[in-house]
Each structure stands twice: as structure tokens, then as C-alpha cells.
> 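Quick one: this structure, given as C-alpha cells, is what I'll be asking you about.
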Amino acid sequence: MQRTLIRLFRILPLGVLYGCMALVIPFYMLFAKGFKASYNFFRKRMGYGPVKSFLHVYKNEFEFGKVVMDRFAAFAGKKFEIEIPRVDLFRELCADEGGFIQLSSHVGNYEMIGYSLVSPKPINALVFAGETATVMQNRALLFGATNVRMVPVSEDLSHIFALNNALADGEIASLPGDRVFGSKKSVLCRFFGEPARFPAGPFTLAAQRDAPVLLVFAMKEGRRRYKVLLERLPEPARETRQERVQFLADAYASALEAVVRQYPDQWYNFYDFWK
């Protein structure tokens, strides 16, 4: 099925496949487990009315589908325009001898950057290990051209050691800051006016290694156009490690909220984040 989809993208324009997907989304919404969580986000957190919230759930699903399709379009060889207004932040960190952490989120299409932005330092990117062989093979092909190494999430948490070693070697560790991978350790942060739990791992890693943290969000702004938002987290001036972890997590949560408020339909969170 996925190989067939890649072949289709070599023949058909993106707009045609987007249009086909738009027709099936209402049927998908009837059975989607994340419908209630998405609706509650727009209703309670964004403050939209019932009808507007429902329409934004549709748009959210549509935007998510386009992001998935863009990945297969990239596999098929289609090119995307990537605009990075503050690319100097990335280049400055790459110029230093030490490693740094790139934090992303399930917002926009972070993977698209790895297909397009060539890094002078190896980027060790945490990826979900349960993808199909077709996806992993195509990822490896495109990542190989941009100096990205995949670090699959593992049950024994060995991926954390791999990222730690990458930082020690002066490389880049890339991972999302809004999902818990295996470990149940979390940090409570204020997010959209309510306390929410964020994974402690990324912020603990940054505090332990005293590593700079660069936030990277790739937002879809056109059929073949993405805009990459970069922001460097301030360095925590706190005494204890736990205080530094909390400071970084709070700064990340605040930055993520600002991006989600700007692009609410591109936050692909399909469960109750505030449980």
C-alpha cells in the first residue's frame, strides 16, 4: 500500500491527493479515538464555540493527513520550499565544539526538516521504531543526505544513552519534548492555563550535560512550503538539577503554547493532554 502511494505521488500532483483525502476525513472522524480530545482542545483551551470547534477538528485531521502525505511525496522525490528566517541560531550552535539538543513537538512537520536541511554536525534523531520497512528505508535514504542518524525508541531506554553519547561527542541530539517514551518521569508545567505533564527526559538530559537547547518547529504554510520557527531556550540559572529541569520544561511549554496558539490546527495531539 505504501509503495503504491509513493508511485502515485510520482504521477499525480499533491492537490489531487489532498482533495481525495478531504472527502474521506468525515468518515474517519466518526471512528477516530482522538475526536473527543481534539474537540475539547478547541472548545476548552482555544475557547471556540461548538460548531467552530467541530470544524477545526476536521481541519486538524485534514492538516495531519497532508503532513503524512507530504512525507510520502518527499519519498517520491517531490521538493518542498523550506524557509528558515532565524537559521543563524542553528549555525551558531553548529559552529561550537560542544553538542546541543534540538527539541521538537507533535506540531507541524518536523521530519520534513531532516529531509531538507543539511547539517555540518551529525543529527541523532529519535524515531518511533514501529514504522513499516518502507517508511524506515525511505527515511534512511533521505536522512543519509542530510547527516541525520535515526535512533529508534527502545523498551530498555538505550536510546537515552545513545543521545547522551552523541552530546558527549559534540553532536546534535534531536527529540520531541511533549511525549513520554517508556519512562514515566514527568514535569508538571502550566500549559494553556492548566497544569500538564511533560516528559522529564529531554530536560534532564539538557540539565545533566549543560547543553544548549534549540526549539525547532516546521509549520506548513503552503502546498509545498514550510516555515521553520527556531528559538533558543534561555540557560537556567538555578542551583539544583531539578530546578534547572523545571526551568527548561516551563520555558519549552511556554514556547510550545505560543506556536500552538498561532497554528492551532497543526498541533497533532489526539489524547487528553491535561489528564
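Throughout, residue positions are numbered sequentially from 1 according to the sequence presented.
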> Quick one: pull up SG in Cys189 and CG in Leu248 and give me the separation to the nearest 0.5 Å.
10.0 Å
> List the steps and the verdict of ring-ring contact (aromatic ring centres under 6.0 Å, His included) for Phe41 and Phe192.
CA-CA 10 Å; Phe41 165 71; Phe192 279 88; 5.5 Å; yes
> Is there a side-chain contact (heavy atoms from CB on, under 4.5 Å) between Gln208 and Arg241 once you walk through the steps?
CA-CA 7 Å; Gln208 287 176 339; Arg241 179 183 297 174; 3.3 Å; yes
> Can you establish whether the number of heavy atoms outside Lys121 located under 6.0 Å from its atom NZ is more than 12?
yes
> Going through the checks in order, is the side-chain contact (heavy atoms from CB on, under 4.5 Å) test met by Val57 and Phe35?
CA-CA 7 Å; Val57 172; Phe35 175 84; 3.6 Å; yes
> So does Phe27 have more than 12 non-hydrogen atoms from other groups sitting under 6.0 Å from CZ?
no
> Is there a chain of hydrophobic side chains (I, L, V, M, F, W, Y, each step under 4.5 Å between heavy atoms) that links Leu17 to Tyr28?
no
> Work out which heavy atom in Ala73 is nearest to a heavy atom in Leu14; give both atom names and the distance.
CB-CD2, 3.8 Å
> To check you understand the geometry: which heavy-atom pair defines the closest contact between Ala207 and Arg244, and what is its length?
O-NH2, 3.6 Å
> Which heavy atom of Val148 sits nearest a heavy atom of Gly114, and at what distance?
CG2-O, 4.1 Å
> Output yes when a side-chain donor or acceptor of Asp169 lies under 3.5 Å from a complementary backbone atom of Glu171, and no otherwise.
no
> With side chains defined as the heavy atoms from C-beta onward, is the minimum distance between Asp88 and Arg86 less than 4.5 Å?
yes
> Would you compute the distance between atom CG of Asp250 and atom CG of Leu188 and round it to the nearest 0.5 angstrom?
9.0 Å
> Would you check if the side chain of Asn124 reaches a backbone N or O of Leu126 as a donor-acceptor pair within less than 3.5 Å?
no
> Please check: side-chain N/O of Arg190 versus main-chain N/O of Gly193, any donor-acceptor pairing under 3.5 Å?
yes
> Kindly say whether the aromatic ring centers of His56 and Phe42 come within a distance under 6.0 Å.
yes
> Is Met21 close to Lys66 at the side-chain level, that is, under 4.5 Å between some pair of heavy atoms?
yes
> Take Tyr252 and Phe203, measure what ring-ring contact (aromatic ring centres under 6.0 Å, His included) needs, and give me the verdict at the end.
CA-CA 9 Å; Tyr252 171 84; Phe203 312 106; 5.5 Å; yes
> Taking Ser38 for its side chain and Gly34 for its backbone only, find out whether a donor-acceptor pair lies under 3.5 Å.
yes
> With side-chain contact (heavy atoms from CB on, under 4.5 Å) as the test, would you mind laying out the steps for Asn40 and Lys36 before giving the verdict?
CA-CA 6 Å; Asn40 286 340; Lys36 184 178 180 181; 3.7 Å; yes
> Going by heavy atoms in the side chains, are Arg91 and Pro120 under 4.5 Å from each other?
no
> Above 12 or not: heavy atoms from other molecules or residues under 6.0 Å from NZ of Lys78?
yes
> Any side-chain heavy-atom pair from Leu175 and Leu163 closer than 4.5 angstrom?
yes
> Would you say that Ile84 contacts Phe90 through its side chain, given a criterion of any heavy-atom pair below 4.5 Å between the two side chains?
no
> Minimum heavy-atom separation for Pro202 and Gly177, please, with both atom names.
CG-CA, 4.2 Å
> Answer yes or no: is there a donor N or O on one side and an acceptor on the other, between the side chain of Arg43 and the main chain of Tyr48, under 3.5 Å?
yes
> Using side-chain heavy atoms (C-beta onward) and a distance below 4.5 Å, is Pro152 in contact with His159?
no
> Do Val260 and Tyr271 share a hydrophobic cluster, counting only Ile, Leu, Val, Met, Phe, Trp and Tyr and linking them when any side-chain heavy atoms are less than 4.5 Å apart?
yes
> Is there a side-chain contact (heavy atoms from CB on, under 4.5 Å) between Asp210 and Glu235? Walk through the geometry before answering.
CA-CA 9 Å; Asp210 197 23; Glu235 296 182 7; 5.6 Å; no
> Could you pull out the closest heavy-atom pair between Phe62 and Ile25, with the gap in Å?
CA-CD1, 3.2 Å
> Do the side chain of Glu61 and the main chain of Tyr58 share a donor and acceptor less than 3.5 angstrom apart?
no
> Between Phe191 and Phe273, is the ring centroid distance below 6.0 Å?
yes
> If you define the side chain from C-beta out and look only at heavy atoms, does anything of Glu243 sit under 4.5 Å from Thr240?
yes
> Quick one: side chains of residues 211-222, donor-acceptor pairs under 3.5 Å with protein atoms, not counting sequence neighbours, listed by atom name and distance.
residue	atom	partner	partner atom	Å
Lys220	NZ	Tyr18	OH	3.1
Lys220	NZ	Asp70	OD2	2.7
Lys220	NZ	Gly222	O	3.1
Lys220	NZ	Arg223	O	2.9
Glu221	OE2	Tyr263	OH	2.5

> So how far is it from Ser53 OG to Lys44 NZ, rounded to the nearest 0.5 Å?
11.0 Å
> Quiz question: by atom type and distance under 3.5 Å, do the side chains of Ser186 and Arg197 form a donor-acceptor pair?
yes
> Roughly how far, to the nearest 0.5 Å, is CE of Met46 from CH2 of Trp267?
10.5 Å
> Could you tell me which non-hydrogen atom of Val87 sits nearest to which non-hydrogen atom of Leu230, and how far apart they are?
CA-CD1, 3.9 Å
> Nearest 0.5 angstrom please: Met69 CE to Phe64 CZ, how far?
12.0 Å
> Taking only residues two or more places apart in sequence or in another chain, which ones pass side chain to side chain donor-acceptor pair (under 3.5 Å) with Ser105?
Asp178
> Is a donor on one side and an acceptor on the other found under 3.5 Å between the side chain of Ser119 and the backbone of Pro122?
no
> Should the heavy atoms of other residues, nucleotides or ligands under 6.0 Å from CZ of Arg261 be counted, would the total exceed 12?
yes
> How long is the straight-line distance from CD1 of Ile6 back to CZ of Arg71, given to the nearest 0.5 Å?
9.5 Å
> Does any non-hydrogen side-chain atom of Ile172 lie less than 4.5 Å from one of Cys94?
yes
> Hydrophobic cluster membership, with links at side-chain heavy-atom distances under 4.5 Å among I/L/V/M/F/W/Y: are Tyr110 and Val68 in one?
yes
> Ignoring hydrogens and angles, state whether a donor on the side chain of Tyr226 or Asn109 is under 3.5 Å from an acceptor on the partner side chain.
yes
